[in-house]
Asker: 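To start, I am sharing the structure in question, which I have written as structure tokens.
Quick note: numbers below take in every heavy atom, side chains included, and nothing from hydrogens, waters or symmetry partners. Residue indices begin at 1 and follow the sequence shown.
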Amino acid sequence: MYSVRGRGAARLAAATLVSGLVAASAIAVAGPASAEEAPGGNGGATATLGQLKIAAKVTITEKVPNQEKPWVYEEDGGLFEMKVENGGRLQTYCIDFRTGAREGKKYKEVGWGESSLHNNPDAGKILWILENSFPNVSVSALAEKAHVKGLSKETAAAATQAAIWRYSDKVDATPVNKQAAKVTEYLFNSATKVEEPKASLSLSPAAVSGKAGDRLGPIKVGTNPGAKAALSVVPGAPAGIGVVDKDGKAVTKAGDGDEIFVDVPAGTADGTAQVKAEVSTKVPLGRAFVSIKGKSQTMILAGSSDSTVTALSTATWAKKGAVPAVTVAKDCAKGGLEVIASNKGDEPWTFDLKGTSHTVAPGETKTIPVPLAEDEAYKFTITGPNGFEQTFEGVLDCKTATPGPKPSETPTTEPSTEPSPSTPGATTGDTTGGTTGSTTGGSTTTGGGDLAETGSSNATPMIAGIAAALVVIGGGAVFFLRKKKTAGH
């Protein structure tokens, strides 16, 4: 467990005058729900979020509606560590400043189109920063490029995070450390657009169908150049099911761009099987990571050990009648999902989707848009013949949390600028431009929740502060008492 500062406690306080008694309470606004990657996404790394490991203080300056002076406060900024499900470790920076990061949440690797980067014109510049800064570049090399001295791992990480926040969330972020602040300016001003990286591993499409006696596919393999993914049929499939190439020859490995098929011998009883691809490789810099279920800030990959990543594709077959296949892909640009339904059988297939009936003719593929509001949860089941049934569940999360407090929550007093407690497990650099870092510990809890932040004001609704007012008889002066609470794991 480790304590963090709730950014909402620093920024959001609403004052209300009631019959001579003035009371104020600060409420952290709920940020966007991170969504489970749509089942159309069929590969890549799955990892569990750990602690903020390498960090230092970053000064945040925010303009607040109806306030003459901006709010200025400090937050920890730096590198998180993530543990890959099947082996390996990742380092990530935050790209969703105002949403809390929950330690222990599972994350899934996704493309930019399935994250808050989908409409960010500066996404490529963020990748440039990752490629040209710590940890991809050593501290000494980064210091030389930025023409600074006395840089440490902690201040280098804070400098990098501050530059990323400027592009991911349009946040006015500057490291407290003077040398780190110069590095942030160097990174921010030097960044140019870089092309989006490919997935560490994928099988596309995630579902195929056909008749027994056919080779079902093709299924295209995507992975890092030079990598070879091991192929297998998931246990439980009928006897005789295999993975083959276009000529029908059995294959056990495939590289980037290769096409594979699921071989279903003639006479095999109607059924399904899954093909699995697995490879140990480095996840490419700049891949986005979103929470599989529940709210937790979106991350972007800054470093990877060799990690075991997997991908699955499902095959369905039948002797006669409709033979359906369904995938679902999140489409942030269109604000919803795309349900892709195909029928490789010889009869029409009709199914219900959220109260609407759809028919897919033999040999037809239909793409059905499902509009959703930001943060809207979805859960639906699609059924078909021979016991076909697939359930899709998640939450649409395509945007960063809204900057600043809402007008109705605009405070009448400025927040405290007292330093917040550092995150145990995170090493923070000094604030005077030196190189010495210090590790801080301690833990504070407030009776529940597991919110760990590197920049988040509104991960969960919570009471962030309480103000009491004394009204002096005769309409005299009003005095405010503020008491800050720390939200922690």
Asker: Do Ser296 and Ser291 meet the criterion of a side-chain donor-acceptor pair at a distance under 3.5 Å?
Answerer: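 On atom types as modelled, these side chains do not qualify, holding no pair under 3.5 Å.
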Asker: When you compare the side chain of Leu79 with that of Pro135, does any pair of heavy atoms fall below 4.5 Å?
Answerer: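 Yes - at least one pair of side-chain heavy atoms lies under 4.5 Å apart.
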Asker: Hey, can you pull the donor-acceptor pairs under 3.5 Å for the side chains in residues 280-288, sequence neighbours left out?
Answerer:
unit_1	atom_1	unit_2	atom_2	d
Thr281	OG1	Asn224	ND2	2.7
Lys282	NZ	Asp306	OD1	3.2
Arg287	NE	Glu109	OE2	2.7
Arg287	NH2	Glu109	OE2	3.3

Asker: Can you confirm whether Lys320 is buried at NZ, in the sense that more than 12 heavy atoms of other residues, nucleotides or ligands lie under 6.0 Å from that atom?
Answerer: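 No, the 6.0 Å shell around NZ holds no more than 12 heavy atoms from other groups.
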Asker: Rounded to the nearest 0.5 Å, what's the gap from CG on Asp352 to CD1 on Ile382? Could you check?
Answerer: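 So the CG of Asp352 and the CD1 of Ile382 are separated by 9.0 Å.
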Asker: Between the side chain of Asn132 and the main-chain N/O of Trp128, is any donor-acceptor distance below 3.5 Å?
Answerer: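 A pair under 3.5 Å: yes.
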Asker: Under a 3.5 Å distance rule, please check whether Ser313 uses its side chain to pair with a backbone N or O of Pro205 as donor and acceptor.
Answerer: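 Such a contact is found between Ser313 side chain and Pro205 backbone.
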Asker: Ignoring hydrogens, what is the shortest heavy-atom contact between Asp346 and Gly321? Give both atom names and the distance.
Answerer: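 Heavy atoms only, the tightest pair is OD1-N, 2.8 Å.
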Asker: Minimum heavy-atom separation for Ala162 to Thr184, with atom names?
Answerer: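 Smallest interatomic distance, heavy atoms only, reads CB-OG1, 3.7 Å.
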Asker: Going by heavy atoms in the side chains, are Met299 and Tyr93 under 4.5 Å from each other?
Answerer: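 Result no, sub-4.5 Å side-chain heavy-atom pair not found.
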Asker: Run the numbers on Thr365 and Ser342 for side-chain hydrogen bond (donor to acceptor under 3.5 Å, both in side chains), then give the verdict.
Answerer: CA-CA 4 Å; Thr365 297; Ser342 63; 4.5 Å; no
Asker: Considering only heavy atoms from C-beta outward, does the side chain of Thr298 approach that of Phe289 to under 4.5 Å?
Answerer: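 Thr298 does not reach Phe289 side chain to side chain.
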Asker: Would Thr316 and Ser209 count as having a side-chain donor-acceptor pair, cut-off 3.5 Å?
Answerer: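 No, Ser209 and Thr316 have no side-chain donor paired with an acceptor closer than 3.5 Å.
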Asker: Name the one of Ile241, Val244, Thr314, Val243 that satisfies side-chain contact (heavy atoms from CB on, under 4.5 Å) with Val262?
Answerer: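 Answer to the side-chain contact (heavy atoms from CB on, under 4.5 Å) test with Val262 among Ile241, Val244, Thr314, Val243: Ile241.
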Asker: Side chains of Lys344 and Lys211: does their closest heavy-atom pair fall under 4.5 Å?
Answerer: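 They are not in side-chain contact.
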Asker: Which atom pair, heavy atoms only, marks the closest approach of Ala101 to Leu49?
Answerer: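 Shortest heavy-atom contact: CB-CD2, 3.9 Å.
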Asker: Apply the test side-chain contact (heavy atoms from CB on, under 4.5 Å) to residues Lys106 and Glu85: give CA-CA distance (whole Å), side-chain angles for both, the deciding distance (0.1 Å), then the verdict.
Answerer: CA-CA 9 Å; Lys106 286 189 176 181; Glu85 192 169 79; 3.4 Å; yes
Asker: When you measure from the side chain of Asn343 to the backbone of Val360, do you find a donor-acceptor pair of N or O atoms at a distance under 3.5 Å?
Answerer: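 Yes, the answer is positive, given that a donor and an acceptor are paired below the 3.5 Å cut-off.
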Asker: Nearest heavy-atom pair of Leu90 and Ala47: which atoms, and what distance?
Answerer: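 Nearest heavy atoms, Leu90 then Ala47: CD1-CB, 4.0 Å.
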Asker: What is the distance from atom CG of Asn120 to atom OG of Ser115, rounded to the nearest 0.5 Å?
Answerer: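 These two atoms lie 9.0 Å from each other.
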Asker: Mind listing the closest non-hydrogen atom pair of Leu142 and Val137 along with its distance?
Answerer: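 Smallest heavy-atom distance, with atoms named: N-CG1, 3.7 Å.
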Asker: Determine, step by step, whether Thr359 and Thr350 satisfy the side-chain hydrogen bond (donor to acceptor under 3.5 Å, both in side chains) criterion, reporting the C-alpha distance in whole Å, the side-chain angles of both residues, the deciding distance to 0.1 Å, and the verdict.
Answerer: CA-CA 4 Å; Thr359 298; Thr350 300; 2.8 Å; yes
Asker: Can you tell me if Asp331 uses its side chain to pair, donor with acceptor, with the backbone of Gly336 under 3.5 Å?
Answerer: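 Checked: no pair found.
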Asker: What distance do Phe388 atom CZ and Thr272 atom OG1 have between them, rounded to the nearest 0.5 Å?
Answerer: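 Answer for the CZ-OG1 pair, Phe388 versus Thr272, is 9.5 Å.
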Asker: Decide yes or no on side-chain contact (heavy atoms from CB on, under 4.5 Å) for Asp96 and Thr400, but give the supporting numbers first.
Answerer: CA-CA 5 Å; Asp96 190 1; Thr400 57; 3.5 Å; yes
Asker: Look at the side chain of Asp76 and the backbone N and O of Ala55, then say whether any donor-acceptor pair between them is shorter than 3.5 Å.
Answerer: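 No, Asp76 side chain to Ala55 backbone: no donor-acceptor pair under 3.5 Å.
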Asker: Could you tell me whether Asp122 and Lys170 have a side-chain N and a carboxylate O separated by less than 4.0 Å?
Answerer: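 Here Asp122 pairs with Lys170 in a salt bridge, since their nearest N and O are under 4.0 Å apart.
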Asker: So, does Glu278 use its side chain to make a donor-acceptor pair with the main chain of Val309 at under 3.5 Å?
Answerer: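 No: the side chain of Glu278 does not pair with the backbone of Val309.
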Asker: So does Asn136 get a backbone contact from the side chain of Glu131, meaning a donor-acceptor N/O pair under 3.5 Å?
Answerer: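 A pair under 3.5 Å: no.
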Asker: First locate atom CH2 of Trp165, then atom CD1 of Ile126, and finally report the distance between them rounded to the nearest 0.5 Å.
Answerer: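 CD1 of Ile126 is found 12.5 Å from CH2 of Trp165.
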Asker: So Lys293 and Glu393, side-chain contact (heavy atoms from CB on, under 4.5 Å) or not? Walk me through it.
Answerer: CA-CA 9 Å; Lys293 193 172 185 179; Glu393 182 178 10; 3.6 Å; yes
Asker: Is there a side-chain contact between His118 and Cys398 in this structure, where contact means two heavy atoms from C-beta onward sitting under 4.5 Å apart?
Answerer: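 In contact.
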Asker: Does some side-chain heavy atom of Asp258 sit less than 4.5 Å from a side-chain heavy atom of Asp245?
Answerer: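 Sidechains of Asp258 and Asp245: no contact.
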Asker: Would you say Tyr107 and Thr48 are linked by a side-chain donor-acceptor pair, where the criterion is simply a distance under 3.5 Å?
Answerer: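 Result is no, nothing qualifies.
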Asker: Between Arg215 and Asp263, which heavy-atom pair has the shortest distance, and what is it?
Answerer: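 For Arg215 and Asp263, the tightest heavy-atom pair comes out as CG-OD1, 3.8 Å.
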Asker: Ring centroids only, cut at 6.0 angstrom: are Trp349 and Phe351 within range, meaning strictly under it?
Answerer: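 Yes, the ring of Trp349 comes within the 6.0 Å limit of the ring of Phe351, centre to centre.
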Asker: Are any of the side-chain nitrogens in Arg89 or Glu81 under 4.0 Å away from the carboxylate oxygens of its partner?
Answerer: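 Result for this pair is yes, salt bridge flagged.
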Asker: To the nearest 0.5 Å, how far apart are NZ in Lys366 and NE2 in His358?
Answerer: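 Between Lys366 NZ and His358 NE2, I get 7.5 Å after rounding to 0.5 Å.
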Asker: Take Phe380 and Gln390 through the test side-chain contact (heavy atoms from CB on, under 4.5 Å) and record every step on the way to the result.
Answerer: CA-CA 8 Å; Phe380 55 89; Gln390 285 186 270; over 6 Å; no
Asker: Do Leu337 and Leu372 come close enough that some side-chain heavy atom pair is under 4.5 Å?
Answerer: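 A side-chain contact exists here, since the closest heavy-atom pair is under 4.5 Å.
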Asker: Counting only heavy atoms not in Lys153, do more than 12 fall under 6.0 Å of its NZ?
Answerer: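 No, because the 6.0 Å sphere around NZ of Lys153 holds 12 heavy atoms or fewer from other groups.
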Asker: Could you tell me whether a side-chain N or O of Thr223 sits under 3.5 Å from a main-chain N or O of Ser200, the two making a donor and an acceptor?
Answerer: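 Present.
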Asker: Evaluate salt bridge (Lys or Arg N to Asp or Glu O under 4.0 Å) for Glu338 paired with Lys330, printing each intermediate quantity in order.
Answerer: CA-CA 6 Å; Glu338 283 193 340; Lys330 183 166 64 173; over 6 Å; no
Asker: Measuring from atom NZ of Lys319 to atom OG1 of Thr268, what distance do you get when rounded to the nearest 0.5 angstrom?
Answerer: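 OG1 of Thr268 is found 7.5 Å from NZ of Lys319.
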Asker: So does Gly43 get a backbone contact from the side chain of Lys108, meaning a donor-acceptor N/O pair under 3.5 Å?
Answerer: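 Looks like yes, one N/O pair under 3.5 Å.
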Asker: What residue among Leu187, Val171, Asp169, Leu130 forms side-chain contact (heavy atoms from CB on, under 4.5 Å) with Ile164?
Answerer: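 Going through the options one by one, the only one that passes is Leu130.
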Asker: Quick check: does any side chain N or O of Gln274 sit under 3.5 Å from a backbone N or O of Val233, one acting as donor and the other as acceptor?
Answerer: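 No.
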Asker: Under 4.5 Å between any side-chain heavy atoms of Val251 and Phe261, yes or no?
Answerer: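 They are not in contact (no side-chain heavy atoms under 4.5 Å apart), so the answer is no.
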